[in-house]
Amino acid sequence: MGIEKQKLIMKETTEKWLKNGILCLTLLCCCLMVKAQEKKKKTVFVIVDGIPADVIEKVKTPYLDQIAQVGGYTRAYMGGEKGTYSETPTISAVGYNSLLTGTWVHKHNVWDNDIEDPNYHYWSIFRFLEEQYPEKKTAIFSTWLDNRTKLIGEALPETGDIRLDYHFDGFELDTVRFPHDEDRKFIQLIDEHVVAEAAGYIRKEAPDLSWVYLEYTDDMGHRYGDSKRMYKAVEGADKQIGQLWDAIQYRQQNYPEEWLIVITTDHGRDAKTGKDHGGQSDRERTIWITTNAAGLNNYFRQDQPGMVDIMPTIARFMDIRIPKAQAMEIDGVPLIGPVSISQANIQYEQEKIQLRWKSLEKQGKVKIWLSATNDFKELGRIDEYLFIGEVPILQEQYTIDVKSMPSSFYKVVLEGPHNLLNKWVVLEKK
Ligand SMILES: [Zn+2]
């Protein structure tokens, strides 16, 4: 090889090396930039007690409107599926627990505000987060001590001894600082106290997952029904939510963080007076959800979301991976990102299970699983499922012949590419 040619090769090699080197450097820079841009995800969910959807739509709520403009607002439902095994009382603690666990009352077992015997086999969103990310910080700001000690079940062996990193609650028991009065002014003061702390704490500490609970609106509903007093309480709650929203915006402007806020109510009120709740009337069952979430899906925009959908939404946003055995038990569907199927319906007739669902995607298949045990509910153990088959999503129905598997109980799971649905058949035992 001549010297000239050798030089040429060397030159070419050097150029190539340089080029590749630059390419590598560029790639490295890109990776570093992506890393730097990756924002920490944080969530606050707020329950404002007992505000019917028609009331929140009628009263001026500028802060909720601001949040909805970033994300969205939708009517939603509480109360499980009316007239079926999952029908759920429109009562406060029952609703909070449906939000926390993503399940209706036939699973979580909190039937009223006494919270006698919650079924902790259905984990709360706090437990899922702590289990996967023990270093992440959790917080609660609330009037009602039971929210932490009974529903989340802090420090109980049944909840794996879960501990929140910060709590600011139980003030309803402090009658010296907040003397109880007939007109429930003390609850209004406690809500103010709780929100001020929550907003300050978010600004300073930015907990990863927080629950803010506000009670005063429900008190005014019970006392005055549909009235100016109630509307005024709703306006007050909106201002309090504004304080939280300001704190979140402050964090987003000053830190590499992405915040999700979800605001909802736990039940509506009776149509006649606006004082009561607990039943299954449309107005009691109709709630609402306001959120700043990005990527709200068609299920949120066009379908009929429920209280139980908030938990899987937070899980998806926070990158919480729910193990399949537990995901198969959740009644909710995420409100952000892709969703394959919704509105499952189950009918049993003459040893046949007729399934129907609504397809939200055109592509893909639905796997169908069947179990005749309920060990998950009773023992916290994985049920044994029979794989029944796989059909195109668009088929929207399937019939299972269960003649060879006689039982008074069946559990069916529909598994789409992006979400699962869970339905029971509960028959009278012969
Ligand atoms: Zn309530």
Side-chain angles (χ1 to χ4, degrees), residues 45-57 59 61 64 75-80 87-101 103-105 108-116 118 124 140-152 169-172 180 183-184 186-188 190-191 194-195 211-227 229-234 236-238 240-241 262-290 306-308 310-311:
F45 64 91
V46 186
I47 300 176
V48 212
D49 207 309
I51 306 174
D54 59 278
V55 173
I56 207 79
E57 287 162 13
V59 174
T61 53
L64 280 169
R75 284 192 172 200
Y77 73 100
M78 203 338 229
E87 185 175 290
T88 297
T90 55
I91 293 174
S92 302
V94 184
Y96 315 162
N97 217 37
S98 282
L99 190 160
L100 290 174
T101 62
T103 68
W104 298 116
V105 73
H108 72 56
N109 207 42
V110 171
W111 289 89
D112 54 35
N113 292 338
D114 294 340
I115 317 177
E116 257 166 32
S124 73
I140 184 168
F141 308 88
S142 155
T143 356
W144 205 10
L145 184 67
D146 289 354
N147 288 345
R148 172 167 56 92
T149 54
K150 293 186 179 175
L151 295 181
I152 296 172
D169 59 6
F171 301 101
E172 72 278 17
H180 292 200
D183 216 26
R184 309 292 285 179
F186 76 102
I187 290 290
Q188 191 182 18
I190 291 174
D191 281 356
V194 160
V195 165
W211 175 10
V212 180
Y213 166 70
L214 303 172
E215 181 184 327
Y216 185 62
T217 42
D218 189 55
D219 289 0
M220 291 302 97
H222 279 297
R223 214 167 163 71
Y224 300 106
D226 296 307
S227 61
R229 290 291 296 266
M230 172 66 172
Y231 303 155
K232 228 179 149 51
V234 173
D238 182 63
Q240 291 166 341
I241 290 157
V262 182
I263 307 112
T264 190
T265 193
D266 51 345
H267 50 76
R269 318 195 75 84
D270 75 289
K272 208 170 157 203
T273 66
K275 286 187 175 174
D276 304 323
H277 59 87
Q280 293 293 319
S281 71
D282 285 350
R283 194 175 187 224
E284 285 163 289
R285 288 173 56 85
T286 307
I287 60 164
W288 48 271
I289 300 169
T290 295
M307 188 69 153
V308 292
I310 295 171
M311 182 270 202

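Counting starts at 1 for both ligands and their atoms, following the listed order.
- In summary, no N, O or S atom of His277 is located under 2.8 Å from the Zn ion (ligand 1).
- Using the six-membered ring where Trp is involved, His277 and His267 have ring planes that are parallel, under 30° apart on the 30 and 60° scheme.
- Take the N/O/S atoms of Asp49: the one nearest the Zn ion (ligand 1) is OD1.
- Summary: OD2 is the N/O/S atom of Asp266 found nearest to the Zn ion (ligand 1).
- Shortest non-hydrogen contact noted between Gly50 and Arg269 is O-NH1, 2.8 Å.
- In summary, an N, O or S atom of Ser92 is located under 2.8 Å from the Zn ion (ligand 1).
- Side chain of Asn113 to backbone of Ala93: a donor-acceptor contact under 3.5 angstrom is found.
- Taking the side chain as every heavy atom from C-beta outward, Val55 and Asp226 approach each other to under 4.5 Å.
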